[in-house]
Asks: 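This structure is in structure tokens; I'll ask about it shortly.
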Amino acid sequence: MADVINLKRFKKRSEREQSAKQADANRARFGRTKAERALDERRKDRAGDLLDQHRLDQHLLDQHLLDQHKLDDGDAS
């Protein structure tokens, strides 16, 4: 004869297992430690700082273009 199964208990166990699978997926997708988030933030800030250091100021760029234009005009004469 077959064993008697409490369907309510079976359903609850099944729901817990499904919930655990979903929690694992969420941890893999969203779970990062505070140190990992801080490291990413520092890397992002450093990359932004490096980019800003290589940025040309508009007045320096205008002056460079003006100097180039003067040199080009001097060669044609």
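Only this structure's heavy atoms are used, side chains among them; waters, hydrogens and symmetry mates stay out. Quick note: residue numbers are just sequence positions, from 1. The shown structure was predicted, so the numbers you read here are calculated from the model rather than taken from an experiment.
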Asks: Quick one: side chains of residues 19-41, donor-acceptor pairs under 3.5 Å with protein atoms, not counting sequence neighbours, listed by atom name and distance.
Replies:
from, atom 1, to, atom 2, distance (Å)
Q22, NE2, N26, OD1, 3.4
D24, OD1, R27, NH2, 2.3
R32, NH1, D40, OD2, 2.5
T33, OG1, E36, N, 3.2
E36, OE1, T33, N, 2.9
R37, NH1, R32, O, 2.9

Asks: Which residues pass the side-chain contact (heavy atoms from CB on, under 4.5 Å) test with D52, not counting sequence neighbours?
Replies: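 D52 satisfies side-chain contact (heavy atoms from CB on, under 4.5 Å) with R55 once adjacent residues are dropped.
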Asks: Only counting residues at least two apart or in another chain, list the ones meeting side-chain contact (heavy atoms from CB on, under 4.5 Å) with L51.
Replies: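 Scan of L51 (side-chain contact (heavy atoms from CB on, under 4.5 Å), adjacent residues dropped) gives none.
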Asks: Under 3.5 Å, sequence neighbours excluded: what are the donor-acceptor pairs made by side chains of residues 60-68?
Replies:
from, atom 1, to, atom 2, distance (Å)
D62, OD1, Q58, NE2, 3.0
Q63, NE2, D67, OD1, 3.1

Asks: Mind jotting down which residue pairs meet the salt bridge (Lys or Arg N to Asp or Glu O under 4.0 Å) criterion with at least one end in residues 5-20? Sequence neighbours excluded, please.
Replies: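 Checked against salt bridge (Lys or Arg N to Asp or Glu O under 4.0 Å) - neighbours excluded - no pair reaches residues 5-20.
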